[in-house]
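All values reported here derive from a predicted model rather than from experimental measurement. Every chain is numbered from 1, with letters handed out A, B, ... down the list of sequences.
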Number of protein chains: 2
Amino acid sequence: MMPYDLILSNIGKYLTLTETEIAFFTSKLRLKEVVKKELVLRQNERCDHIYFLNNGTLRAFHLTTQGKESTVMFAIADWWITDIYAFTNNAPSIMNITAVEDSQLLSLSYPDLESLWDKLPKFEKFFRILMQKAYVREQLRSIQNLSLPAPERYDLFVSKYPEIAKKVTKKQIASYIGVTPEFLSTIRAKQGDT
Amino acid sequence: MMPYDLILSNIGKYLTLTETEIAFFTSKLRLKEVVKKELVLRQNERCDHIYFLNNGTLRAFHLTTQGKESTVMFAIADWWITDIYAFTNNAPSIMNITAVEDSQLLSLSYPDLESLWDKLPKFEKFFRILMQKAYVREQLRSIQNLSLPAPERYDLFVSKYPEIAKKVTKKQIASYIGVTPEFLSTIRAKQGDT
DNA sequence: AAAAAAAATTAATGTACCTTAAGAGTATTA
DNA sequence: TAATACTCTTAAGGTACATTAATTTTTTTT
């Protein structure tokens, strides 16, 4: 399978591209392979790339000075991921991105993305849609974090992201929903969840 | 002051528009005045408009079946606001939007926004930027909610949004940072905050 | 200006979730 | 295959925050 098939079908949901446009777009992409536990982005370093997952699983997490991890997001095949804060503001990143398992990804640099926007305005539409959907996801998460107790946040995570729930550890899910692994364990025990 | 001055300067930060484009864009806008406590959007109803605040203050909040309020966002002059989930998915809205004080806003319907995107692609860029910044805001909020205790979330809110903090009640701030008004009160007492 | 309603505060009690610690299970490395 | 490390679980004790309720202060309505 060609390394660009998945990303082109991802974009194809929203845009129709000519052969020339495809060639221009793919010329900006770089293939990157990472092994389990490898860092794709280190907190505090610049984040001038956005990544698309061909396969595997990534996890983005913020680390406090006290060493507390908060999982910002997971990404599996067909997902886009970056430290959107650092990427947007050309600021030191506020999260680590690490490989939960061996993964293959395509990277696009910020300057290349800007030239893509300039030369092919339809990519503005694509990223508008991408950003809008990401905004929706994050706002739903905020609402759920504010309004639901931990057991319901856990159930919601598993039902919303069953593929991710299969691939990542309970500890990582706990740090996404905002509880300790120990407490998630008691939640699951009460639910009769094996 | 013309009702379109503020929105044009808001857009002008990112786009240059011709007189014709301005005329086309403003022809899609409707001026709306709401008085304090008036509902701009009722939860469960369709949300097919996006709003821009000329002046005043709005608050978006989600209401659970148990009657618990969670403030999703505030908006003051020069801010855009809508139920982005319902707007994007043409679904019943998941929040109320209400006037904290008398406010003047401009509304743009979803069909009009789509025709704007079709006819003037530079508006795709503008909304891409808008959505991207909103995504950044929400992601930062998620990280802070996960990693910081309530007193720090309160301090951060006040330092980040001093104008909003002046206009809204403590109860509303409490429901934004995810604590009860009573607990926010004890936080403030401990800080010697009058 | 009086009356009513809502916001803010304080305090007592309660609980969801955290911390610490230890042991069992599972995966990774030598 | 053994050794090491990490995840998951269980349980005791602790704390941040919620709930309830009463009082004061501020805002809104009449």
In whole Å, what is the span from the NZ atom of B/K171 to the P atom of D/dT19? 13 Å
Taking any atom closer than 4.0 angstrom to a non-hydrogen atom of chain A, what span of DNA chain C does the protein reach, first nucleotide to last? C/dC17 to C/dT28
Atom CD of A/E182 and atom P of D/dT7: how far apart are they, to the nearest Å? 12 Å
Using a cut-off of 4.0 Å on non-hydrogen atoms, how would the nucleic acid contact of A/S185 be classed: base, sugar-phosphate, or nothing? base
Is there a chain of hydrophobic side chains (I, L, V, M, F, W, Y, each step under 4.5 Å between heavy atoms) that links B/L148 to A/F61? no
Is the closest side-chain donor-acceptor distance between B/E69 and B/S175 under 3.5 Å? no
If C/dA30 has a Watson-Crick or G-U wobble mate with both distances under 3.5 Å, name it; if not, just say none. D/dT1
From A/F24 atom CZ to A/L17 atom CG, the distance as rounded to the nearest 0.5 Å: 12.0 Å
Any idea how A/F123 and A/F126 line up, ring-wise: parallel (<30°), tilted (30 to 60°), or perpendicular (>60°)? perpendicular
Should the pair A/Y110 and A/F87 be assigned to parallel (<30°), tilted (30 to 60°) or perpendicular (>60°) ring geometry? perpendicular
Atom-pair distance (CD on A/Q191; P on D/dT9), nearest Å: 12 Å
Please report the closest heavy-atom contact between B/K37 and B/T98, naming both atoms and the distance. O-OG1, 3.5 Å
Length of the line joining A/K170:NZ and D/dT10:C1', which is rounded to integer Å: 17 Å
Taking B/T82 for its side chain and B/H49 for its backbone only, find out whether a donor-acceptor pair lies under 3.5 Å. yes
Could you list the protein-to-nucleotides 15-18 of chain D atom pairs, N/O on both sides, closer than 3.5 Å?
unit_1 : atom_1 : unit_2 : atom_2 : d
D/dC17 : OP1    : B/A150 : N      : 3.3
D/dA18 : OP2    : B/T180 : N      : 3.1
D/dA18 : OP2    : B/T180 : OG1    : 3.3

Is the centre of the B/W117 ring less than 6.0 Å from the centre of the B/F127 ring? yes
